[in-house]
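Heads up: the structure comes next, in structure tokens.
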Number of protein chains: 2
Amino acid sequence: MTDLAHGIDPQEAIAPQVMRALREAIVRTDLPPGTLISEADIARRFGVSRQPVREAFIKLQEAGLVGIRPQRGTQVLRISMEEVVNARFVREAVEAAVVHEAAETRPAGLAARLAALIAEQEKAAEAGDGVGFLRLDEAFHRGLAQGIGRDFAWSVLEGIKAQMDRVRFLSFEGATPMADIIGQHRAIVGAIAAGDAPAAEAAMRRHLREILSSLPKIAEAHPDYFVPRDDRAARTAA
Amino acid sequence: MTDLAHGIDPQEAIAPQVMRALREAIVRTDLPPGTLISEADIARRFGVSRQPVREAFIKLQEAGLVGIRPQRGTQVLRISMEEVVNARFVREAVEAAVVHEAAETRPAGLAARLAALIAEQEKAAEAGDGVGFLRLDEAFHRGLAQGIGRDFAWSVLEGIKAQMDRVRFLSFEGATPMADIIGQHRAIVGAIAAGDAPAAEAAMRRHLREILSSLPKIAEAHPDYFVPRDDRAARTAA
DNA sequence: TTCACCATTCTAGTATGGCAGTATGGCAGC
DNA sequence: GCTGCCATACTGCCATACTAGAATGGTGAA
């Protein structure tokens, strides 16, 4: 996080820009878990007043990325496996409903658009472009929801998936290979194209459950980034 | 909205209190849809500064209850049938997953606790206590999610159901009778107690789809409270 | 050496002021 | 009567100042 002022457009509202930059810095571990930050500190770095930083902090707290402690300071939160698992549960429920509806309605062009995204994912995987792959993976899921007019559902998921995003950013060191993810995406699109709603649901559920098996490995590789182990996460994962 | 200062505890953070009071006033139509409000106006009424009011406004905007227009003012939004339908979709997906898990795991005491809530609902229905009934209905749904440790899922639903809350507040004039809702709750609990996950899901889906049939009647009874009719809502409701 | 007290510093939350954009009303000219 | 221009008022957004609570470090006494 060397140059934050580089990117603030004074023509647009400042708070959302600060929020986006900080979210990105947290997800990419430029602001590692455990980092102490303050309104004043961040305001100085961005060259803005504290107020919009405060607004950004409040939103980041809602996303589970920071903890604001009155009078004491704000801290980038460690990744909670429990929160990842909880968010995944909600995400699975919603995305299963989305693909169920996609398979039932089969909107014109949706399968083709998704297939094109998958082709781009393959290119990214070949090039070893992890960040690009993540972006395309997100475009895939977003394209699914928005392809059937479920923009609101996607916006809800966007609000809750920060922890999963952090895990996925860390996941290029031994977690699920990109080729496996691509295969899972293919299975989803295949079931949608075939109008097979139960199969589409099952494929999406399998896809989103992948994180449950890779999560312990990632946590082991980055123990400092995670909240200390809590057995409750394992129980709720069932 | 006569006496807002009545209720602000200066020992606690002010912004969340203002947000809660305004949310309540909007849901109960004390601040009717279309009302113009401003940071300065609300701040004067609560006897606080504009800053925490602004924070409350931002959160209310996220909940879809107000629209903040820079430089021009803030307005209590009319109820959008489309948004109700969109929120219902997400809610159905998540709550179906919750009851599915409840029926599979059958935590000790859950069915009994839910049955006790239903008994209280019956009392409220007999007494014609609509507001009390709404509170108990919400307790039922919250108790379900929290009863299986899905607190996070419930908190997500809380964040998106403001529009549905407004509709339900308006629904005591000809919409679904309380007795029908109680019957639906019973069916859900019965399926959970029997460990029949598919039946529990189906019962919850039926229950949450109830609003789709009553929504047009409510909108007809309160045309000024709703966004003008848009055919897209009917399409997305399928 | 340890503990208690005090001063200083830091923090988030709130209060107040300034700014740019928008809306409205009044007035003059055609 | 209509239109355009200007002055005024209002708005949200951001900047700055104030406040209360928490943390830390220094000092003196036991």
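When reading the values below, keep in mind they use all heavy atoms of this one structure, side chains included, and skip hydrogens, waters and symmetry mates.
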- [ ] Decide side chain to side chain contact (heavy atoms under 4.5 Å, CB included) for A:Met204 and A:Leu144; before the verdict, give the C-alpha distance in whole Å, the side-chain angles of both, and the deciding distance to 0.1 Å.
- [x] CA-CA 11 Å; A:Met204 179 59 86; A:Leu144 252 183; 3.6 Å; yes
- [ ] Decide yes or no for A:His222 and A:Arg166: does some side-chain heavy atom of the first lie under 4.5 Å from some side-chain heavy atom of the second?
- [x] no
TODO: Could you tell me whether the phosphate oxygens of C:dT11, OP1 or OP2, come under 4.0 Å of any side-chain nitrogen or oxygen in A:Thr74?
DONE: no
Task: Nearest-nucleotide 5' precedence on DNA chain C, A:Arg44 against A:Gln11 - done: A:Arg44
Open item on the list: Nearest whole Å is fine: how far is D:dC10 P from B:Arg69 CZ?
Closed with: 17 Å
- [ ] Kindly indicate whether a cation-pi arrangement holds for B:Arg150 with A:Phe89, taking the cut-offs as under 6.0 Å to the six-membered ring centre and within 45° of the axis.
- [x] yes
- [ ] Look at all strands and tell whether B:Ala43 reaches a base, only sugar-phosphate, or nothing, counting heavy atoms closer than 4.0 Å.
- [x] nothing
TODO: May I have the distance from A:Ile42 (atom CD1) to C:dC10 (atom P), rounded to whole angstrom?
DONE: 16 Å
- [ ] Give the rounded distance in Å between these two atoms: CG of B:Leu36 and P of C:dT22.
- [x] 17 Å
Task: Those residues of residues 59-67 of chain A lying under 4.0 Å from DNA chain D by at least one heavy atom - done: none
Open item on the list: Please report the distance, rounded to the nearest Å, between CG in A:Asp41 and C1' in C:dC10.
Closed with: 12 Å
Polar atom pairs (N or O), protein with nucleotides 15-18 of chain C, under 3.5 Å:
residue, atom, partner, partner atom, Å
C:dA15, OP2, B:Ser49, N, 2.3
C:dA15, OP2, B:Ser49, OG, 2.5
C:dA15, O5', B:Ser49, OG, 3.4
C:dG17, O6, B:Arg50, NH2, 3.2
C:dG18, O6, B:Arg50, NH2, 3.2

Open item on the list: So, using ring pair (Phe, Tyr, Trp, His ring centres under 6.0 Å) as the criterion, who are the partners of B:Phe169 when residues are at least two apart?
Closed with: none
Task: A:Val94 side chain near A:Val156 side chain, heavy-atom distance below 4.5 Å - done: no
Open item on the list: Strictly below 4.0 Å, N to O, side chains only: are B:Arg20 and B:Glu24 in salt-bridge contact?
Closed with: no
Open item on the list: So, using ring pair (Phe, Tyr, Trp, His ring centres under 6.0 Å) as the criterion, who are the partners of B:Phe140 when residues are at least two apart?
Closed with: B:His185
Task: Whole-Å gap separating C1' (C:dG21) and CD (A:Glu12) - done: 16 Å
Open item on the list: Check B:Lys161 with B:Glu138, please: is the shortest side-chain N to carboxylate O separation under 4.0 Å?
Closed with: yes
Open item on the list: What is the distance, to the nearest angstrom, from the CD atom on A:Glu55 to the P atom on D:dA15?
Closed with: 10 Å
- [ ] Using whole Å, report how far CD of B:Gln75 lies from C1' of D:dG12.
- [x] 15 Å
Would you list the protein and nucleotides 22-24 of chain D atom pairs, both N or O, that sit under 3.5 Å from each other?
residue, atom, partner, partner atom, Å
D:dA23, OP1, A:Arg72, NE, 3.2
D:dA23, OP1, A:Arg72, NH2, 3.4

Task: Side chain to side chain, A:Ile218 and A:Phe226, heavy atoms closer than 4.5 Å - done: yes
- [ ] Check whether any side-chain heavy atom of B:Asp165 sits under 4.5 Å from a side-chain heavy atom of B:Arg168, and report yes or no.
- [x] yes
Task: Nearest-Å distance for atom pair CD/C1', residues B:Glu39 and D:dC10 - done: 12 Å
Open item on the list: Suppose we screen for side-chain hydrogen bond (donor to acceptor under 3.5 Å, both in side chains). Which residues come up paired with B:Lys59, at least two apart in sequence or across chains?
Closed with: A:Glu62
